[in-house]
There are 2 protein chains.
Amino acid sequence: MTLDAVAREAGVSPATASRALNGTTRVRDDLRTRVRAAADLLGYIPNAHAQALASAEGNRTVGLICHDVSDPYFAGIASGVMRAAAEQDLLVMLASTFREPSREIAYVSMLRAQRARAILLIGSGFQDRAWERAMDAELNPYVRAGGRVAVVSRHRSLRVDTVQPENRAGAAELARALVALGHREFAVLTGPPELTTVADRLAGFREGLAGAGIGLGRVVRGAFTREGGHLAARRLLAAEGPRPTCVFAVTDVMAVGALAALREAGVRVPEDMSLAGFDDIPLVRELSPPLSTVALPLTEMGERVIALALRAPSAAARSRVVRIDGEVVLRGSTAAPPGS
Amino acid sequence: MTLDAVAREAGVSPATASRALNGTTRVRDDLRTRVRAAADLLGYIPNAHAQALASAEGNRTVGLICHDVSDPYFAGIASGVMRAAAEQDLLVMLASTFREPSREIAYVSMLRAQRARAILLIGSGFQDRAWERAMDAELNPYVRAGGRVAVVSRHRSLRVDTVQPENRAGAAELARALVALGHREFAVLTGPPELTTVADRLAGFREGLAGAGIGLGRVVRGAFTREGGHLAARRLLAAEGPRPTCVFAVTDVMAVGALAALREAGVRVPEDMSLAGFDDIPLVRELSPPLSTVALPLTEMGERVIALALRAPSAAARSRVVRIDGEVVLRGSTAAPPGS
DNA sequence: ACCTTACCAGAAAGCGCTTTCTGAAAGCGC
DNA sequence: GCGCTTTCAGAAAGCGCTTTCTGGTAAGGT
C-alpha cells in the first residue's frame with residue numbers, strides 16, 4: 001500500500017506515480033490513468049506523514065485549542081471553524097484544556113510538532129506573566145517557521161491576529177439598557193478575574209452604570225460554569241443588606257446557574273429580580289423566562305478566526321483585529337424593577 | 001531546530017541524541033544532560049511526522065468523528081473522550097460531518113492517511129447499503145494495518161468495538177413509566193428513520209406501549225435538530241383528530257424544540273400535555289418545566305469508547321460491546337393526563 | 001596476562017514520499 | 001537532414017527522525 005507498490009503495479013517509476021496522483025506536472029494520459037487505476041485497485045492511501053516530511057508544503061491540519069468543548073460557547077465557535085475547515089479540506093485537531101494553562105501550552109507544543117498549518121486559540125488567555133512568556137516562547141518560533149496563529153478574545157499582549165468580541169462595549173450597552181428599564185440597584189456574578197473576558201465585561205458594565213451615576217453594587221465571584229453561577233447567586237441571596245433589583249452574570253452559562261438558584265430560593269424572575277447574561281448561547285432562548293443577554297455570533301466568529309489564520313500573512317507584520325459587536329437582546333428575564 | 005543540530009551542539013551523534021531525548025536506551029549521564037541542555041537551548045521540538053515515519057510505533061493522535069460538535073449530545077461524549085485522551089497524552093482530531101455520509105467517509109480516509117492510532121465514530125450510522133460498503137472498505141484495511149476502531153451507537157453491521165446505549169430498553173421503560181402515569185394517547189416526534197438510534201428508540205417505545213396494549217399513535221417525522229422538533233410538534237398540533245396526552249421526542253434536542261412549539265401554541269406542559277425526551281443533555285434540566293427523559297451518561301460513554309479503542313486487541317477477533325443503560329428520569333414535563 | 005562479556009556511542013540504513021536533476025525522444029525551423 | 005528547443009519519464013537525493021548493526025573500551029573470569 002505504498003507509492004512504490006502502486007508504481008510497480010502500473011509499471012512506472014515512483015516519481016511518475018507521485019506526479020500522476022497529485023497532478024503536480026503533466027503526465028502522459030495513458031500513464032496517468034494506469035497509475036490511478038493501480039492506486040484504486042490497491043486501495044492506496046498516501047502516508048500523510050511522509051508527504052508532510054517530503055514536501056515543505058504545509059500539511060492539511062489546523063489546531064484548535066479551547067477551554068472546554070462541552071461549553072456551548074466554545075462548541076458554537078468550534079462549529080464555525082469546522083464548517084470553514086471542511087470547505088477547504090482541512091482537518092481540525094481540537095483540544096480541550098479544561099482551563100489548565102499548562103495543558104494549553106503542552107497542546108501548542110504538540111501542534112507544533114505536528115507542523116499544523118495554523119493554531120487557533122479560543123477563549124481568554126490567562127493574565128499571568130510566566131504563562132504569557134511561556135506561550136510566547138512556543139508561538140514565536142512557530143510563527144517564524146511559517147506557522148499561522150489566530151485567536152478569539154485573547155489578551156492583547158499576544159501579538160497575533162485576533163477576533164475580538166466587544167466585551168466592554170457590549171456590557172456597557174447592556175448596563176444602559178438595564179438602567180433604562182428603571183434599575184438602580186445592581187449586582188454582578190463574575191468569573192475568574194484573571195480571564196480577560198471577565199475583566200472587560202466587568203469594566204464595561206461598570207462604565208455603563210457610571211454613565212448614569214450608578215455604582216456596580218455587589219460583585220460575587222464564582223467559577224466560569226453553571227455551578228459557579230449557581231453558587232454565586234446563592235451567596236448573593238444569602239448576603240445581608242438590600243437585594244439588588246437586577247443581576248448581571250458575565251456569561252450565559254453562569255446566568256443559567258443563577259436562574260436556577262433564584263428559582264430555588266423563590267425569587268421570581270423578572271418580577272422580583274431581573275437577570276441578564278452575555279454570549280447568547282443557544283439554550284438561553286429556551287429558558288423560561290428566556291434570558292436577556294448580549295448576543296455574539298458564535299459560528300461566525302469561528303469562521304472569521306480560521307479565515308484570519310489562513311489569509312496570506314500581512315506584508316506589514318502588524319497583527320489584525322476583527323472586532324465583533326455584541327447586540328443587546330432583552331428578553332423575558334429582564335423587566336422594570338418591582339414597585340415601579 | 002532539527003535533531004542533527006541538537007546533536008552537533010551537544011557534540012554527539014544524532015543516534016545518541018535521539019536516545020537521550022527519548023530514553024529508549026541507556027545513555028551515559030553526562031551525555032544525556034548535555035543533549036537535554038542543547039535541546040532546551042535551541043528550543044528543539046521533534047518533527048512528529050519524521051518520528052511517525054521512522055518508527056512503526058503508532059503516533060499520538062486519535063480521530064473522533066461526530067455529526068455536529070455544537071449538538072450537546074456529541075459535545076458531551078467528545079468531552080469525555082478528550083478528558084481520557086489528555087490523560088494519555090493523546091491529541092484528538094475532531095471532525096464534524098454535518099450529517100453528510102460522504103464527508104464521514106472522507107474524514108476516515110484523512111485519518112487513515114494521518115495514521116491515527118484509533119478512529120472513533122460517534123452517532124448513528126446510516127442505514128444505506130452503499131454507504132455501509134464504502135465505510136467497510138475504508139475501515140477494514142485500516143484495522144488490518146493495526147488501526148483501532150470503536151464506535152458509539154452504530155449499526156451492528158460494522159463489526160467493531162461498540163459502546164451501545166440501550167436505546168430500545170430505555171425507550172420501552174420510559175413508555176411504561178408514562179403509561180403508569182395514566183397516559184393512553186401518545187404521539188412520537190421522530191428523526192430520520194435511517195438513523196439506527198431513531199429506529200431503536202421508536203421500536204422500544206412501541207414495545208413498551210404494546211406491553212400495556214396501547215398503540216404508538218401518531219408518528220411525526222422531523223430533522224434531528226431543535227428546529228426539527230419544533231416543526232414536528234407544530235405539525236402534530238395542526239393535525240386533526242384528538243390530541244395525544246403525551247408526546248415522546250426521540251431526542252432531547254428535538255424535545256426542546258417541541259416544548260417551545262407547545263408553549264407558543266398555548267398548550268401547557270404538563271397540564272395539557274406531557275412531554276418526554278431522550279439523552280438527558282445538560283440543558284433540559286434547566287427548562288421549565290424540566291424535561292423528563294432517559295438519562296445517558298454522556299461523558300462516561302466518551303471515556304468508555306476511547307478506552308475500548310485503545311485496549312489491547314482482543315485475541316479472539318470478536319468485537320466487544322459495552323452496553324450503557326439509560327435511566328428514566330421523570331421531571332416536571334410529565335404528569336398525569338388532564339382530567340384524571 | 002589473555003580472552004570473554006557487557007556496555008554504550010557512532011555509522012548507516014531505511015520509513016514513504018516529493019522534487020530537483022538528468023537524459024531520451026520528439027517537434028521545429030532552416 | 002542537422003542542430004535547436006521542448007516535453008516528459010526515471011534516477012537519485014533528500015525531508016528528520018529511529019533503529020539495527022558495528023566496533024571500541026572497560027570490566028570480569030581463569
Side-chain angles (χ1 to χ4, degrees), chain A residues 1-36 38-39 42-61 109-110 112-117 141-142 145-146, chain B residues 1-36 38-39 42-61 110 112-117 141-142 145-147:
Chain A
M1 27 141 176
T2 68
L3 220 213
D4 276 41
V6 173
R8 220 171 310 123
E9 173 76 22
V12 301
S13 73
T16 304
S18 170
R19 289 188 277 244
L21 259 16
N22 301 320
T24 348
T25 312
R26 269 217 75 65
V27 171
R28 227 169 53 212
D29 284 4
D30 58 324
L31 291 190
R32 194 180 52 240
T33 54
R34 240 161 62 202
V35 171
R36 294 258 168 90
L42 270 49
Y44 169 72
I45 291 204
N47 183 323
H49 295 303
Q51 289 190 155
L53 193 56
S55 62
E57 179 68 46
N59 66 4
R60 306 215 62 82
T61 70
S109 180
M110 287 180 87
R112 279 227 278 157
Q114 297 286 338
R115 302 303 190 261
R117 174 173 299 196
Y142 175 71
Chain B
M1 25 138 181
T2 69
L3 221 214
D4 276 42
V6 174
R8 221 171 309 123
E9 173 76 22
V12 300
S13 73
T16 303
S18 170
R19 290 188 276 244
L21 259 15
N22 301 320
T24 346
T25 312
R26 271 215 75 64
V27 171
R28 227 170 51 213
D29 284 5
D30 58 323
L31 291 191
R32 194 180 51 243
T33 55
R34 240 161 62 202
V35 171
R36 295 258 169 89
L42 269 50
Y44 169 71
I45 291 205
N47 184 322
H49 295 302
Q51 291 191 150
L53 193 55
S55 62
E57 181 65 46
N59 67 4
R60 306 216 61 83
T61 69
M110 286 180 88
R112 278 227 279 158
Q114 297 286 337
R115 303 301 189 261
R117 173 173 298 195
Y142 175 70

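In what follows, every chain begins at residue 1, and chains take the letters A, B, ... in the order their sequences are listed.
- For the pair B/L31 CG and C/dC7 P, the interatomic distance rounds to 17 Å; values are reported in whole Å.
- In this structure, CG on A/N47 lies 9.5 Å from CG on A/L53, to the nearest 0.5 angstrom.
- The salt bridge (Lys or Arg N to Asp or Glu O under 4.0 Å) check on B/R36 picks up nothing, with sequence neighbours excluded.
- For the atom pair B/Q114 CD and B/H49 NE2, the distance stands at 6.5 Å (nearest 0.5 Å).
- The strand DNA chain C forms stems, runs of 3 or more Watson-Crick or G-U wobble pairs with distances below 3.5 Å, at C:1-26 with D:5-30, C:28-30 with D:1-3.
- Here the side chains of A/R32 and A/V35 are not in contact, with every heavy-atom distance at 4.5 Å or above.
- Side-chain atoms of A/M1 and A/I45, non-hydrogen and from C-beta on, never get closer than 4.5 Å to each other.
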Under the criterion side-chain contact (heavy atoms from CB on, under 4.5 Å), I'd like the reasoning laid out for A/L21 against A/L3: C-alpha separation, chi angles, the key distance, then a yes or no.
CA-CA 10 Å; A/L21 259 16; A/L3 220 213; 4.0 Å; yes

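- For B/A38 against B/E9, the heavy-atom pair with the smallest separation is CB-CG, 3.5 Å.
- Not counting sequence neighbours, A/R19 has no partner by the side chain to side chain donor-acceptor pair (under 3.5 Å) test.
- Within residues 13-22 of chain A, the residues that have a heavy atom under 4.0 Å from DNA chain D are, in order of number, A/S13, A/A15, A/T16, A/R19.
- If you walk DNA chain D from 5' to 3' and mark each nucleotide with an atom closer than 4.0 Å to a heavy atom of chain A, the marks span D/dC8 to D/dG16.
- Remark: side-chain polar atoms of A/Y142 are paired, donor with acceptor, to backbone N or O of A/A116 under 3.5 angstrom.
- Residues that satisfy the side chain to side chain donor-acceptor pair (under 3.5 Å) test with A/T16, not counting sequence neighbours, are A/S13.
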